[in-house]
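Below: one structure, written as structure tokens.
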2 protein chains.
Amino acid sequence: MAEPHDAPRDLTRNQGLVLGTLNRSSAPLSAYDILDKLREEGLRAPLQVYRALDKLVERGLAHRLESLNAFVACADAHCHRKGLIAFAICERCGRVDEFADEVIEERLSGWAANTGFKTERTTMEIRGQCAECLKAAA
Amino acid sequence: MAEPHDAPRDLTRNQGLVLGTLNRSSAPLSAYDILDKLREEGLRAPLQVYRALDKLVERGLAHRLESLNAFVACADAHCHRKGLIAFAICERCGRVDEFADEVIEERLSGWAANTGFKTERTTMEIRGQCAECLKAAA
DNA sequence: CGTTGCAGCGTTATGCTATAACGTGTAGAG
DNA sequence: CTCTACACGTTATAGCATAACGCTGCAACG
């Protein structure tokens, strides 16, 4: 059975294990969740996971969800997503939708230009309930 | 010396102390930072601070910055700010600017309407460097 | 070849952030 | 008065993240 999408070939063993775990999960995972799933593979310490996550996030293969202190694999198979990414997080099923919006990006960079702020990183996270969970709850 | 802005009169002692501490700070504070500043006032346990913060955030008198695990007082003196708030956080001096943008709000609610997502809470945080720090570094 | 530099690895220890679970005190509603 | 709701105080614990150490393997270079 194939992964949701192929991983780059130049990942280290730990990075590959961590990314694989994220890809197999339908919900965000904390570093400790990941560690627990990888004990069989020989991982023992949080740092092993955090180091791998740092690299994956740096390369855009995974994202950190600040409001959850958790991580997801990037939804874009080839990870060419540029610019601002917004996340919609369902608090019921844990599902995360990733989307980009150029208008929002323009507004933010406009604000930054006006105030002389130099943006380095932006996080945008919407919490709520996804359509499916709303239907199921009805 | 007056507070940056008057606090509502119906806060409990702990809530007032915590809000006062946030108001006096020019940068976000973690719950433990606040606790340390309030030991003289008799506070001893994190929970005392967290409980006060919960209420303050609930009432919009303070905000939680997810990407810092820290808190700031609301910048709006009378806290009537509605809707989405974006935060621009300077990583150099710690200063936080609060702003609202209706266009962004419309785009997000548009996305939510299209996908059937029911938004409950949105966090938007921009990290970078403020104009003053950029000037100082030049 | 040797060695130098870098990146990742593994381990232990520690620090920071947040909440569970318990009981107490007090003010307002009925 | 008594019931309810809410805040409080305390102890203990859970959950998230990094510091600091030393080692290994590999590629670049003289």
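Convention: sequence-line order gives letters A, B, ...; per-chain numbering from 1. In what follows, every heavy atom counts, from backbone to side chain, and hydrogens, waters and symmetry copies are set aside.
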Using a strict heavy-atom distance below 4.0 Å, which residues from residues 47-57 of chain A are in contact with DNA chain C? L47(A), Q48(A), R51(A), K55(A)
State which residues pass side chain to side chain contact (heavy atoms under 4.5 Å, CB included) with E132(A); sequence neighbours excluded, sorted by chain then number. C130(A)
Sequence neighbours excluded, which residues qualify as side chain to side chain contact (heavy atoms under 4.5 Å, CB included) partners of T119(B)? I126(A), A112(B), F117(B), T122(B)
Could you work out, with ring-ring contact (aromatic ring centres under 6.0 Å, His included) as the rule, every residue matching Y50(A), not counting sequence neighbours? none
In whole angstrom, what separates R59(B)'s CZ from dA7(D)'s C1'? 13 Å
Outermost nucleotides of DNA chain C that come under 4.0 Å of a non-hydrogen atom of chain A: dG8(C) to dT12(C)
How would you list, by chain and number, every residue that makes a ring-ring contact (aromatic ring centres under 6.0 Å, His included) with F71(A), sequence neighbours excluded? none
Can you pull out every salt bridge (Lys or Arg N to Asp or Glu O under 4.0 Å) where at least one residue sits in residues 28-40 of chain A? Sequence neighbours excluded, please. D36(A)-R39(A)
Rounded to the nearest angstrom, tell me the gap between atom CG in N69(B) and atom P in dA17(D). 7 Å
May I ask you to decide if S67(A)'s main-chain N or O and R127(A)'s side chain share a donor-acceptor pair within less than 3.5 Å? yes
Contact residues, residues 29-46 of chain B to DNA chain D [heavy atom, < 4.0 Å]: R44(B), A45(B)
Under 3.5 Å, which donor-acceptor pairs do the side chains of residues 42-49 of chain B form with other protein atoms, sequence neighbours left out?
residue: Q48(B); atom: OE1; partner: R44(B); partner atom: N; Å: 2.8
residue: Q48(B); atom: OE1; partner: A45(B); partner atom: N; Å: 2.8

Quickly work out the R64(A) CZ to dC16(D) P distance and round it to whole Å. 10 Å
Residues forming a side chain to side chain donor-acceptor pair (under 3.5 Å) with Q129(A), sequence neighbours excluded: none
Below 4.5 Å, heavy atoms only, C-beta onward: do W111(A) and I104(B) meet side chain to side chain? no
Give a yes/no answer on whether the side chain of N14(B) brings an N or O atom under 4.0 Å of OP1 or OP2 in dG9(D). yes
Nearest-Å distance for atom pair CG/P, residues L68(A) and dG15(D): 15 Å
Contacts satisfying salt bridge (Lys or Arg N to Asp or Glu O under 4.0 Å) that involve residues 60-69 of chain A (not counting sequence neighbours) are R64(A)-E66(A), E66(A)-R121(A)
Applied to residues 16-46 of chain A, the ring-ring contact (aromatic ring centres under 6.0 Å, His included) test, sequence neighbours excluded, yields none
